[in-house]
Amino acid sequence: MSTDTTYQPAAIEQTWYKHWESQGYFAPSHTGDPYCIMIPPPNVTGSLHMGHGFNNAVMDALIRLKRMQGHNTLWQVGTDHAGIATQMVVERQLAAKNISRHDLGREAFLEKVWEWKAESGGAITQQLRRLGSSVDWSRERFTMDDGFYKAVQEVFIRLHEDGLIYRGKRLVNWDPKLHTAISDLEVESTEEQGSLWHFRYPLTDGSGFLVVATTRPETMLGDTAVAVSPADERYAHLIGKTIKLPLVGREIPIIADDCVDKDFGTGCVKITPAHDFNDYEMGQRHQLPMINIFDKNAHLNEAVPQVYQGLERFAARKQIVADLDALGFLEKIEPHQLKVPRGDRSGVVIEPYLTDQWYVRTAPLAEQAIAAVENGNIQFVPKQYENMYFSWMRDIQDWCISRQLWWGHRIPAWYDPEGKPYVGRDEASIRKTHNLPDNLPLTQDEDVLDTWFSSGLWTFGTLGWPEQTRELAAFHPTSVLVTGFDIIFFWVARMIMLTLHFQKEVPFKTVYVHGLVRDGQGQKMSKSKGNVLDPIDLIDGIDIETLVQKRTSGLMQPKYAEKIEKATRKEFPNGIAAYGTDALRFTFYSLASTGRDINFDVGRIEGYRNFCNKLWNAANYVLMNTQEQDCGQDGSNNYTLGLAERWIVSQLQQTETQILDYMAQLRLDLASQTLYDFVWKDYCDWYIELSKPVLWDDNASAELKKGTRRTLIRVLETILRLAHPFMPFITEEIWHKVKDLAGKTGATIMLAPYPAPDESKIDAKAVADVEWVKGIVTAIRTIRGEMNVPPSKKIAVFISGGSAATQLQVNENSTFLKKLASLESIDYLHSDTDAPLSATALFGEVKILVPMAGIIDKQAELSRLEREIDKLKKEVERVQGKLNNPAFTDKAPADVVQKEQDKLTGYAQAISQLTEQQGKIAAL
RNA sequence: AGGACCGUAGCUCAGUUGGUUAGAGCACCACCUUGACAUGGUGGGGGUCAGCGGUUCGAGUCCGCUCGGUCCUACCA
């Protein structure tokens with residue numbers, strides 16, 4: 001062991017990772033029960049954020065645990081081509097050089113994207129390595145790999161054959177900036193302030209006008225009806241008549257429809273079937289014409305009067321309002337709050353737009369997907385997310401899967417000159433299947449598939465499907481999916497639907513759903529807020545100047561730079577220290593309670609870095625006392641286990657049981673907390689301290705010393721294996737220094753067996769005895785602490801009272817007691833009448849006497865006793881109240897009543913003893 | 001509009017089926033460089049468990065309402 005007394009994570013972490021990877025330790029063992037996790041594929045060109053950090057820390061703990069337990073583990077990694085996101089990044093780079101993708105053309109543009117992928121695609125996988133993620137790199141996948149594309153193509157073709165994919169001209173969510181359709185899920189509606197315009201629409205017969213209220217004046221050019229409620233008497237006489245649409249001059253009918261709310265606005269609605277989802281449906285019901293008035297940029301097209309053609313939609317709005325006003329058709333404008341649909345990527349207002357797209361018919365798929373969760377084949381943790389899943393699934397809409405992008409899986413469909421689509425693997429096979437003559441020109445669909453269509457196949461598509469491979473048989477269904485709630489619909493739900501349909505089994509048995517990683521104040525981390533933490537910076541540390549630079553450069557709104565800089569300098573005056581991966585991971589685990597967002601408090605990572613340091617130094621102590629010494633590993637039984645040894649071994653079994661239990665429940669917070677408490681409190685604070693008086697005692701027997709060394713090293717070695725899934729690096733580093741002394745062999749702790757509790761080692765007597773020692777020691781320390789008696793001042797202590805065994809306990813444990821409480825002597829008094837005047841503490845029935853002479857102030861002790869007595873009196877009052885209540889004594893279970901009764905007796909006794917003591921001191 | 005979750009110490013969080021004096025880490029106060037560790041040790045202070053009502057012998061825990069916060073879904077032009 002090095003002589004370093006402080007833990008230096010940078011010195012060990014990367015070396016070990018490289019070693020593990022090069023040795024192939026991450027790959028499946030091909031023995032034992034399979035256990036498989038598929039990584040939620042991050043965007044190939046992305047970089048690691050705190051969400052990835054958390055997510056991967058959780059997966060790695062699970063996989064390392066199972067691997068150590070002897071399972072055949074596969075943690076498969078891969079990245080996603082992320083259609084829109086990646087294309088946008090490359091387009092932005094081109095835009096900086098004033099080039100559009102259309103200038104390049106499809107092929108050249110795609111080349112640029114592949115170049116960008118080659119350039120930046122390794123970043124995130126390198127960062128995953130920094131986290132210690134033990135993924136099987138040999139099976140790394142990319143969603144645009146040839147093999148995966150085969151699966152995507154196959155799925156599309158088969159769904160089409162099954163009648164579950166169709167092409168249709170319908171209203172879609174159109175993004176006028178990105179020039180593509182997007183799915184419902186990619187639309188975010190935001191509450192915005194707008195207006196409600198009231199327009200007069202004149203009746204054709206000249207008998208007056210109707211007033212319609214609208215939030216989108218510009219669409220009036222595409223109106224093909226005005227609707228009223230059939231229950232609205234005000235307009236009943238007008239139904240069937242027509243109005244003459246201002247500015248356009250078109251004659252359009254007045255219709256009645258139940259969907260109209262007569263109490264909203266004027267009770268009259270203008271109907272634009274080609275540009276509003278509700279109007280579209282109404283148009284279908286009433287066979288209204290659909291007039292598309294926009295082009296793909298959401299500029300007015302040739303379907304509108306010449307003067308408006310080419311106008312951008314919001315410019316058109318202004319113009320139309322002005323024109324209607326000039327003609328006397330504008331009645332009023334009211335301020336109005338409305339939900340505006342915006343594209344989640346582009347941020348622009350989404351336009352309902354009539355286009356031809358490919359759709360997945362989801363209802364039949366959803367049916368099975370609902371059943372799989374209902375019958376428990378898939379379980380969500382925490383369970384509440386099942387409701388969210390059900391409510392969405394039960395009301396699912398068909399899924400628009402075509403995107404007018406270039407980067408993605410090209411749709412395997414070809415069109416003949418009439419526009420008739422044929423779906424198949426390639427042109428040749430389509431000609432063959434459909435008997436098409438060679439001279440009939442076919443052109444492939446220009447569109448690509450929604451990224452989520454391909455990621456929906458992730459669990460089985462990456463295992464070789466449609467081939468029935470060995471891996472598919474072994475690892476599918478996968479064991480657990482670890483993912484954020486934000487992609488339950490995008491990804492989880494679709495994986496379930498597609499996998500059930502094709503693989504006839506669930507994609508995973510458990511879905512562990514976690515929240516968003518936020519900053520310490522619960523704010524969402526974002527570049528614009530300047531509160532982003534980079535996991536790598538927490539691992540390696542970062543100086544304040546670099547951090548400020550990082551947070552303030554490349555802002556969308558540079559005006560916030562100053563504010564961000566100020567806040568950053570205030571929060572991190574000295575930058576961020578290098579905490580190391582193990583500490584970062586442990587922090588994630590400690591915050592991994594289920595069902596809520598994770599507020600990442602930087603204060604906590606420091607605490608867990610200290611925990612690593614604690615473990616490091618505990619190992620240091622153990623090695624100092626065991627190296628080159630007989631640690632009782634020769635197979636003979638010539639060693640003795642003392643009370644402390646039996647106790648720590650017993651506690652260890654309990655700890656192992658609990659950790660395994662919590663891991664099974666996916667409560668990594670409780671598991672890590674249990675480990676923390678055992679290592680710090682039981683092992684370091686008590687066991688190591690209890691070992692000192694034995695190892696340093698010349699009178700202690702060789703057998704007892706050997707038993708102590710044996711226990712120190714073996715418990716430490718077990719702690720390392722227990723902790724390894726959580727803190728892989730530090731445990732591996734120490735393990736290699738410890739394993740021989742502990743009688744263990746093996747090339748790596750990664751593949752050493754995970755500790756399993758042995759009930760025969762649970763020793764209730766030892767636990768009770770050590771609790772007694774701890775109680776006495778703590779009582780003495782409390783007096784010392786409150787009376788400011790430093791440990792360097794050795795004191796004499798007397799014990800009295802207690803049971804018949806007390807004297808024996810005092811004698812047997814006097815070495816422990818003297819060392820731990822820093823005593824000169826400890827003696828049992830059969831009667832305390834002849835005891836010197838003492839400060840007194842009670843531990844159960846045992847009385848602890850610390851002679852005051854020369855060390856304790858009379859007044860201080862009197863007021864200390866006063867506080868103690870007051871506290872006890874309050875308790876007596878409370879308990880007495882309970883016991884005096886017949887309702888309680890009659891109805892509560894007997895053992896509960898007895899417990900209260902015992903408490904009362906104990907308190908009363910304590911009060912009388914302390915009061916007596918108070919009297920003695922006061923009389924002095 | 002419907003639904004979910006949350007509100008516990010100054011901060012970030014635990015608190016299993018209701019039952020000791022509600023816990024941890026950080027922060028705070030005091031003492032201590034004791035032969036693993038000052039990234040440490042020992043002791044201490046600090047909470048009307050958001051509020052109100054109910055069920056119960058007993059509620060942080062179960063039920064209802066109110067307030068505050070976060071989010072999801074569906075929407076009225």
Side-chain angles (χ1 to χ4, degrees), chain A residues 5-7 189 196 212-216 219 227 259-261 263-272 276-279 336 338-339 382 384-385 387-388 391-392 395 485-486 488-489 515-516 518 520-522 524 577 579 583 590-591 593 595-604 606-625 665 667 669-670 673 676-677 684-685 688-689 692 696 778 781-792 819 821-822 871-872 874-875 878-879 882 885-893 895-897 899-900 902-903 907:
Chain A
T5 57
T6 53
Y7 157 68
S189 54
L196 195 59
V212 298
T214 181
T215 54
R216 298 207 53 199
T219 62
C259 278
V260 179
D261 176 359
D263 298 321
F264 184 89
T266 59
C268 293
V269 197
K270 59 189 268 316
I271 303 301
T272 322
D276 180 280
F277 288 98
N278 287 316
D279 292 4
H336 181 67
L338 73 162
K339 290 278 177 88
Q384 79 225 24
Y385 287 106
N387 291 327
M388 197 169 137
S391 64
W392 186 75
D395 191 29
F485 71 92
D486 50 327
I488 288 182
F489 304 144
L516 214 63
R518 297 169 176 277
Q521 282 73 255
K524 201 166 172 169
Y579 295 114
S590 76
L591 295 170
S593 62
R596 62 189 292 169
D597 283 344
I598 296 122
N599 292 352
F600 193 92
D601 176 16
V602 180
R604 290 186 72 138
E606 188 173 343
Y608 295 115
R609 188 272 320 265
N610 294 353
F611 177 58
C612 292
N613 184 58
K614 189 75 180 173
L615 180 60
W616 184 265
N617 281 295
N620 205 3
Y621 166 83
V622 173
L623 289 167
M624 277 171 54
N625 287 286
Q665 295 174 44
R667 287 301 304 267
D669 57 331
L670 299 178
Q673 179 70 36
Y676 182 100
D677 285 343
C684 292
D685 287 350
I688 284 186
E689 294 309 318
K692 290 175 183 175
W696 300 345
T778 305
R781 282 174 178 171
T782 303
I783 291 177
R784 296 188 80 116
E786 292 191 1
M787 297 299 142
N788 280 342
V789 182
S792 52
K819 172 74 179 129
S822 187
K871 226 191 276 181
L872 287 165
K874 262 187 210 142
E875 281 313 303
R878 219 179 49 82
V879 175
K882 255 187 183 178
N885 180 3
F888 172 71
T889 47
D890 292 351
K891 292 191 184 172
D895 61 315
V896 173
V897 177
K899 232 189 251 174
E900 293 298 316
D902 292 346
K903 265 194 273 180
Y907 294 149

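Order of the sequence lines sets the chain letters (A, B, ...), proteins ahead of strands, with each chain counted from 1.
- Counting non-hydrogen atoms under 4.0 angstrom, A:Gln673 reaches the backbone sugars and phosphates but no base.
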Could you list, one pair per line, each protein nitrogen or oxygen that sits under 3.5 Å from a nitrogen or oxygen of nucleotides 4-6 of chain B, together with the distance?
from: B:C5; atom 1: O2'; to: A:Gly595; atom 2: O; distance (Å): 3.4

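- Between A:Ser590 and A:Asp669 there is no side-chain heavy-atom pair separated by less than 4.5 Å.
- Within 4.0 Å of A:Lys339, counting heavy atoms only, lies at least one base atom of the nucleic acid.
- The CG atom of A:Asp601 sits 4 Å away from the C1' atom of B:U12 (whole-angstrom rounding).
- Residue contacts shown for A:Val260 include a base, since a base heavy atom lies under 4.0 Å away.
- Contact check, A:Asn625 against B:A36: no side-chain N or O comes under 4.0 Å of OP1 or OP2.
- Donor-acceptor pairing under 3.5 Å is lacking for the side chains of A:Lys882 and A:Thr889.
- Consecutive Watson-Crick or G-U pairing (both distances under 3.5 Å) extending over three or more pairs maps onto RNA chain B as B:1-7 with B:67-73, B:10-13 with B:23-26, B:28-32 with B:40-44, B:50-54 with B:62-66.
- Residue side chain A:Trp696 meets the stacking definition with respect to B:G35: its ring centre sits within less than 5.5 angstrom of the base's six-membered ring centre, and the planes differ by less than 30 degrees.
- One interatomic measurement links the two molecules: CG of A:Asn617 to P of B:A38, which rounds to 7 Å at whole-angstrom precision.
- Residue A:Phe600 is classed as having no contact, given no heavy-atom separation below 4.0 Å to the nucleic acid.
- Heavy-atom nearest nucleotides on RNA chain B were determined for A:Gly603 and for A:Leu338, and the one closer to the 5' end corresponds to A:Gly603.
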Below 3.5 Å between N/O atoms, which protein atoms pair up with nucleotides 41-43 of chain B? Just atom names and distances, please.
from: B:G41; atom 1: OP1; to: A:Lys614; atom 2: NZ; distance (Å): 3.1
from: B:G41; atom 1: OP1; to: A:Trp680; atom 2: NE1; distance (Å): 2.6

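- If you take CG on A:Asp597 and CG on A:Leu591, they are separated by 12.0 Å, rounding to the nearest 0.5 Å.
- Rounded to whole Å, the separation between the P atoms of B:C6 and B:U42 comes to 35 Å.
- Between A:Leu615 atom CG and B:G40 atom C1' there is a gap of 15 Å when expressed in whole angstrom units.
- Note that CD of A:Glu606 and CZ of A:Phe611 are 15.5 Å apart. Values are rounded to the nearest 0.5 Å.
- By the 4.5 Å heavy-atom criterion applied to side chains, A:Leu196 and A:Phe264 are counted as neighbours.
- Two residues are said to be in side-chain contact when any heavy atoms from C-beta on lie closer than 4.5 Å; A:Arg216 and A:Thr219 meet this criterion.
- Here A:Asn620 contributes atom CG and A:Leu615 contributes atom CG; the two are 11.0 Å apart, rounded to the nearest 0.5 Å.
- For the pair A:Lys882 NZ and B:U56 C1', the interatomic distance rounds to 13 Å; values are reported in whole Å.
- The heavy-atom pair separating A:Thr266 from A:Val212 by the smallest distance is OG1-CA, 3.8 Å.
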Distances under 3.5 Å between nitrogen or oxygen atoms of protein and nucleotides 59-63 of chain B:
none

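- Below 30°, between 30° and 60°, or above 60°: for A:Phe485 and A:Tyr385 the angle between ring planes is below 30°, a parallel geometry.
- Taking atom C1' on both B:C67 and B:C31, the two are 45 Å apart, rounded to the nearest angstrom.
- Within the 4.5 Å cutoff, side-chain heavy atoms of A:Asn625 are placed close to those of A:Trp696.
- Comparing the same atom, C1', in B:A50 and in B:G45 gives a spacing of 24 Å after rounding to whole Å.
- Side-chain atoms of A:Cys684 and A:Glu689, non-hydrogen and from C-beta on, never get closer than 4.5 Å to each other.
- Between the OH atom of A:Tyr608 and the P atom of B:G40 there is a distance of 14 Å, given to the nearest Å.
- Base contact: A:Pro893 has a heavy atom under 4.0 Å from a base atom.
- Two residues are said to be in side-chain contact when any heavy atoms from C-beta on lie closer than 4.5 Å; A:Ile598 and A:Arg518 fail this criterion.
- Distance from the side chain of A:Arg604 is smallest to B:C13 among B:C13, B:A36, B:G19.
- Note on A:Arg667: a side-chain N or O is less than 4.0 Å away from OP1 or OP2 of B:G15.
- Under the side-chain contact (heavy atoms from CB on, under 4.5 Å) criterion, A:Ala577 pairs with A:Tyr579, sequence neighbours left out.
- Geometrically, A:Lys692 engages A:Tyr621 in a cation-pi contact, judged by NZ or CZ lying under 6.0 Å from the ring centre and within 45° of the ring axis.
- Listed for the A:Asp276 side chain is a donor-acceptor partner under 3.5 Å among the backbone atoms of A:Asp279.
- Separating the P atom of B:G53 from that of B:G46 is a span of 27 Å, rounded to the nearest Å.
- Distance CG (A:Asn788) to P (B:C32): 7 Å, rounded to an integer number of Å.
- Residue A:Tyr907 is in base contact, counting any heavy-atom pair closer than 4.0 Å across all strands shown.
- One atom, CG of A:Asn610, and another, P of B:A36, lie 19 Å apart when rounded to the nearest Å.
- The base of B:A27 is not paired with the side chain of A:Glu606 by any donor and acceptor separated by under 3.5 Å.
- Residues forming a side-chain contact (heavy atoms from CB on, under 4.5 Å) with A:Asn788 (at least two apart in sequence, or on another chain): none.
- If you take atom C1' in B:U20 and the same atom in B:A27, they sit 29 Å apart, rounded to whole Å.
- OP1 or OP2 of B:A36 has at least one side-chain nitrogen or oxygen of A:Lys692 nearer than 4.0 Å.
- Among the nucleotides B:A36, B:C37, B:C32, the one closest to any side-chain atom of A:Pro790 is B:C32.
- For B:C13, the OP1/OP2 oxygens have a side-chain nitrogen or oxygen of A:Asn599 closer than 4.0 Å.
- Under the 3.5 Å distance criterion, the side-chain polar atoms of A:Arg784 are matched with a main-chain donor or acceptor of A:Ser822.
- The interatomic distance linking A:Leu623 (CG) with B:C37 (P) rounds to 14 Å, in whole Å.
- Here the side chain of A:Asp597 is nearest to one of B:U73, B:U70, B:A36, namely B:U70.
- Residue A:Cys268 is classed as having no contact, given no heavy-atom separation below 4.0 Å to the nucleic acid.
- Within the 4.0 angstrom heavy-atom criterion, only backbone atoms of the sugar-phosphate kind lie near A:Thr215; the bases stay farther away.
- Taking the P atoms as reference points, B:G25 lies 29 Å from B:A59, given to the whole Å.
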